[in-house]
Amino acid sequence: MTKIMNIASNYVDESLEGLCLAHPSLCFVGDERRVIARSQAKDRGKVGIASGGGYGHLPLFCGYVGTGLLDACAVGNVFEGPTVGSALDSIETSDGGAGTLCLIGNYGGDRMNFEMAAAMAGDNDIRTRTVLGTDDVASAGEDEADNRRGVAGLLFAYKCAGAAAEAGEDLETVTRIAQKAVDRTRTIGFALAPCLPPGRDTTAFTVEPGTVDFGMGIHGEPGLWHRPFTSADDLAMEMIDRLMAERVSGMSSKVAILVNSLGASPYEELFILYRGARRLLNERGYEESLTMVGPYVTSMEMAGASISLCFVDEELETLLAAPAGCPFWRTS
Amino acid sequence: MTKIMNIASNYVDESLEGLCLAHPSLCFVGDERRVIARSQAKDRGKVGIASGGGYGHLPLFCGYVGTGLLDACAVGNVFEGPTVGSALDSIETSDGGAGTLCLIGNYGGDRMNFEMAAAMAGDNDIRTRTVLGTDDVASAGEDEADNRRGVAGLLFAYKCAGAAAEAGEDLETVTRIAQKAVDRTRTIGFALAPCLPPGRDTTAFTVEPGTVDFGMGIHGEPGLWHRPFTSADDLAMEMIDRLMAERVSGMSSKVAILVNSLGASPYEELFILYRGARRLLNERGYEESLTMVGPYVTSMEMAGASISLCFVDEELETLLAAPAGCPFWRTS
Amino acid sequence: MAVTPQTIKAALDHIAGDTAYIENRLNEADARLGDGDTGTMLARMIGVMTQVDVDPAETVGAYLGRLAKASARSTGSSFGTLIIAALMAVSRATANADRIEASETASMFSIARKEMTSRGKTELGAKTVIDSLARIEAATDGVVSTQEAITRIGQAADAALDAFRDKPCRVGRARIFGDVSIGNDDPGMLAVKLIIGTMFDDDAATDRAVTSNMPR
Amino acid sequence: MAVTPQTIKAALDHIAGDTAYIENRLNEADARLGDGDTGTMLARMIGVMTQVDVDPAETVGAYLGRLAKASARSTGSSFGTLIIAALMAVSRATANADRIEASETASMFSIARKEMTSRGKTELGAKTVIDSLARIEAATDGVVSTQEAITRIGQAADAALDAFRDKPCRVGRARIFGDVSIGNDDPGMLAVKLIIGTMFDDDAATDRAVTSNMPR
Ligand SMILES: Nc1ncnc2c1ncn2[C@@H]1O[C@H](COP(=O)(O)OP(=O)(O)O)[C@@H](O)[C@H]1O
Ligand SMILES: Nc1ncnc2c1ncn2[C@@H]1O[C@H](COP(=O)(O)OP(=O)(O)O)[C@@H](O)[C@H]1O
Ligand SMILES: [Mg+2]
Ligand SMILES: [Mg+2]
Ligand SMILES: [Mg+2]
Ligand SMILES: [Mg+2]
């Protein structure tokens, strides 16, 4: 698909510039201009929440900088982790003296760079903890759940940790909560059409028109199967089945649900998918605590969708409902 | 592009069902189940704002039902106006005794059906006024501005009229304000890839890959020119030039801007386009009063974008800033 | 043979057999000037109409009124709405009639055209369905036999297309695209030809073969 | 001839002439198992590295450190980060060295491999770049001439690919897709072959002709 851009090598920087111009609540930090932070002065004493990741997934990652969510976010190139320098900048900016939680997706580059940055921050007396989003059930078996990729479900961890930090909880508590949100969140997605990384001649992967690549990652990592598309309800069924297949410790009958567009799939169709998923959840005795349907974690113009479920307990439910605001999402 | 749906003939109804399940602030009204209204009890004495239009443009039209925006909205089939029956239902539901403004896009079917419905409502002693959105400068020359199609700029009229109604203004005032917002709003768009109406084998129109169809309507109505894509900044320049080419009575140096995705074009690229447009506006001495960048008026998975400018005066600026909330947009 | 609810129903069933072809042709025509949906809308409307059974005791007007009401629940598109409005108008004029005589053909088309003109706010000459109806109205003025009426309707529908093909559209979505619309048939006018023409015409297949070979 | 900042720079310039080919091959390999960007990232990194001029007075370690820092501003991808970390480690080990002798080759690869292993938290045998480095380390143990080192590096990079091609990936994006990864080269391992192999090898063109004919 034709991309609305100038030159490919400026894709990220020009887009970030537009983002900050459109949303004065966001500003640049650091000399690489690859860290987005809250514009308003930071709360001394609040635990910081830093994140980071590759570009091309807006609103994720840096779009979630805002009250009750992230303090700062490092931005990599399209589908590449942030550099160690910007990871460090994001940590330093987030920190208000009470330590900073690095809350990122479980991708090699992102993890390694935040690890190195956290070590450097430690040298400057900043306490850090790290929690990795690992919600994509398609990316590894239950026995290897810690190795899973982090995808749309990271949003629940952002929200819960962000609310806890805003409420004045300490670093250990915020870390525990983020980890709990991760542990209780599962995502599965499917792609219907690929995306084109800027500057490339061909899409990063292909999806035969009319077929579904089920379990595909948000960068086009291969999925579990591909077959002809049948119906939204069939997909909803397989997705919910797979999300429910694993037990969650202290699993409750309340779930937060995110039906997410990977980019090109329109709201109209997300609601059709949501309708199918919602019926199944109700049939199985689940009640919804938070419902989100929209483009929250995308892959540019990739078509397809993901469903994330967070099996909430009372603590998470309260944190998910707490007021928060960023350019792409508001709760209150 | 593969559509996430069950059967084509249920596309609209299942999608609306999902919409209302996901957003309890919305509910169905009328036996055709093709009117979406606010769930909370209506304000007696408030002027009603009813709208309607074809489906496939979410958040437009029915996604803008909410406080400070629409009271009710009739929903047609994909890219077809609402029936006269649902138009009537939307008027009756909106009315709280102080009359109802029908605020719709200037499309033959939509206009005729609301006209007939308004006549029927009159028989039931409901006072109505009608204002037609006519913002698409590509769809007719300046001398025929009243014949223009209504596209993304309708949102500004929704917002201003909705705020005025919420503030307790009377039908004449709300109508005057809606008309003023329409008169001061201009939109131009371009398509980069077509969309597929549900149930059809082929896209409604074609766009040669790598080319731009400039001035194309949100249903794929032919544009002003098509040429190979050059750059986001070039497009921004031509768009701003065309939007600025016509004088607006009482034109001010403040504009509200909406950089809108037609569907598949991602946030990343909207911000690149916005950056280009913003620079030009600033160079030309304009100041932005309200900035919106995102998928606000789409055509399912059509790729491309539009820019709308509303040349605000003080009255409109205040109304645009007033608190409002619907599932897809919140101001405060 | 005059027009009765039964003959209308039979004609509708007859076209219903051909909707796939009509749908594609009209969508294609609308895709060049508008949003490419004339055919899909019309096919759906015909499907809805064929669901309306004839009550042997009813007048033509009553039956047409029920057709209009059923259709009115199926679409709100421009063309659909104009058709529904026209059906309603003819229905009112034939509220007490058991049949429409061949000699009344022109006046029925006149009623339809006038209703569409006022609803659509469109003048003659704008290259719309209204121009086709006006030509048919003129051509059927004074006819006395059904067969003659049918022949003239078909000829007038063709003649209208020929007369307007190379003119620019002046209404609706294609209004400002003079250049685009020149050389292309207006989908509403084409619909008149394909529907009214096919309705009573068993030679539709021949016609189809000819039109599908037309240069695109 | 030993390795000096000048020879490294010359080798980088040499590969820079071939990046389009390398970029496509590696993207293609990564597209089957990962996100299809190994080549683009590496091409960009090489471009950045060739911008770093050699200071005639500096040690190998100082130069490598500057290469690492420049690269570190260009990417945060997995492979990129591993390369940067390895460069830093070798840079520290050669902080005072004007040159790296052929006989030190194995120990340099060992330093790189160990750094990647601890950063990447990946064991030997997982079918990653680490396996290629381990093979090269073993193959270059005891070499004394640069020419011999170059030959053995090339052979070991090839041998590593052959040895792992039909094994499943056990790390990174392709981890659970045993079936998918079998028969496909790991992009990081392939990069070692194409980069380190090409770096010192004027016969790269021959090699290219061979690999591009390989069954896909
Ligand atoms: N205002 C109007 N007056 C007369 N005829 C019209 C008018 N608007 C549309 N039409 C007719 O309807 C046809 C388009 O129908 P259709 O594609 O179903 O409607 P839409 O434009 O709502 O998609 C046109 O070709 C034209 O003949
Ligand atoms: N944790 C790891 N340990 C060792 N090697 C790794 C690791 N992660 C990735 N690699 C190597 O990097 C290659 C992928 O590189 P690249 O595509 O640039 O990274 P990314 O996965 O960030 O897109 C793999 O083929 C593998 O050889
Ligand atoms: Mg990558
Ligand atoms: Mg239409
Ligand atoms: Mg049409
Ligand atoms: Mg990769």
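As a basis for the values below, the full set of heavy atoms in this structure was taken, side chains included, without hydrogen atoms, waters or symmetry mates. Here is the naming used below: chain letters follow the sequence lines, and residue numbers restart at 1 for every chain.
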So what's closer than 4.5 Å to chain A heavy atoms on [X]: side chain, backbone, both or neither?
X: B:Met1; result: side chain
X: B:Tyr11; result: both
X: B:Pro59; result: both
X: B:Thr211; result: backbone

Backbone N or O of A:Ser231 within a donor-acceptor pair of the B:Asn6 side chain at under 3.5 Å?
no

Look only at the side chain of B:Glu268 and the backbone of A:His57, and say whether a donor-acceptor pair between them is shorter than 3.5 Å.
yes

Let me confirm one number: the CE-CG distance from B:Met5 to A:Asp233, rounded to the nearest 0.5 Å.
12.0 Å

For residues [X] and [Y], determine if any side-chain heavy atom of one lies less than 4.5 Å from a side-chain heavy atom of the other.
X: B:Tyr267; Y: A:Leu19; answer: no
X: A:Leu273; Y: B:Ile4; answer: yes
X: B:Phe271; Y: A:Leu16; answer: no
X: B:Val212; Y: A:Thr2; answer: no

Should A:Glu17 and B:Arg279 count as an ion pair when the cut-off is N to O under 4.0 Å?
yes

Can you tell me which portion of A:Ser299 sits under 4.5 Å from chain B's heavy atoms? Options are side chain, backbone, both or neither.
neither

Which atoms of A:Ala22 come close to chain B, meaning under 4.5 Å heavy atom to heavy atom: side chain ones, backbone ones, both, or neither?
both

Output the option from B:Ala303, B:Pro209, B:Gly263, B:Gly56 having the highest count of non-hydrogen pairs under 4.5 Å with chain A.
B:Gly56

Tell me, out of B:Thr291, B:Leu192, B:Leu235, who's got the most heavy-atom pairs with chain A below 4.5 Å.
B:Leu192

A:Ser265 and B:Met300: side chain to side chain contact (heavy atoms under 4.5 Å, CB included), yes or no, with the steps?
CA-CA 7 Å; A:Ser265 289; B:Met300 298 184 293; over 6 Å; no

Contact listing (chain B partner; residues 320-332 of chain A; heavy atom under 4.5 Å):
A:Phe328, A:Arg330, A:Thr331, A:Ser332

Sequence neighbours excluded, which residues qualify as salt bridge (Lys or Arg N to Asp or Glu O under 4.0 Å) partners of A:Glu238?
A:Arg227, A:Arg242

For B:Arg278 and A:Leu21, the nearest pair of non-hydrogen atoms, with its separation, is NH1-O, 3.5 Å

Select, from A:Glu301, A:Glu288, A:Lys3, the one with the greatest count of heavy-atom pairs under 4.5 Å involving chain B.
A:Lys3

Top contributor to chain B interface from A:Ala264, A:Pro266, A:Ser15 [non-hydrogen pairs under 4.5 Å]
A:Ser15

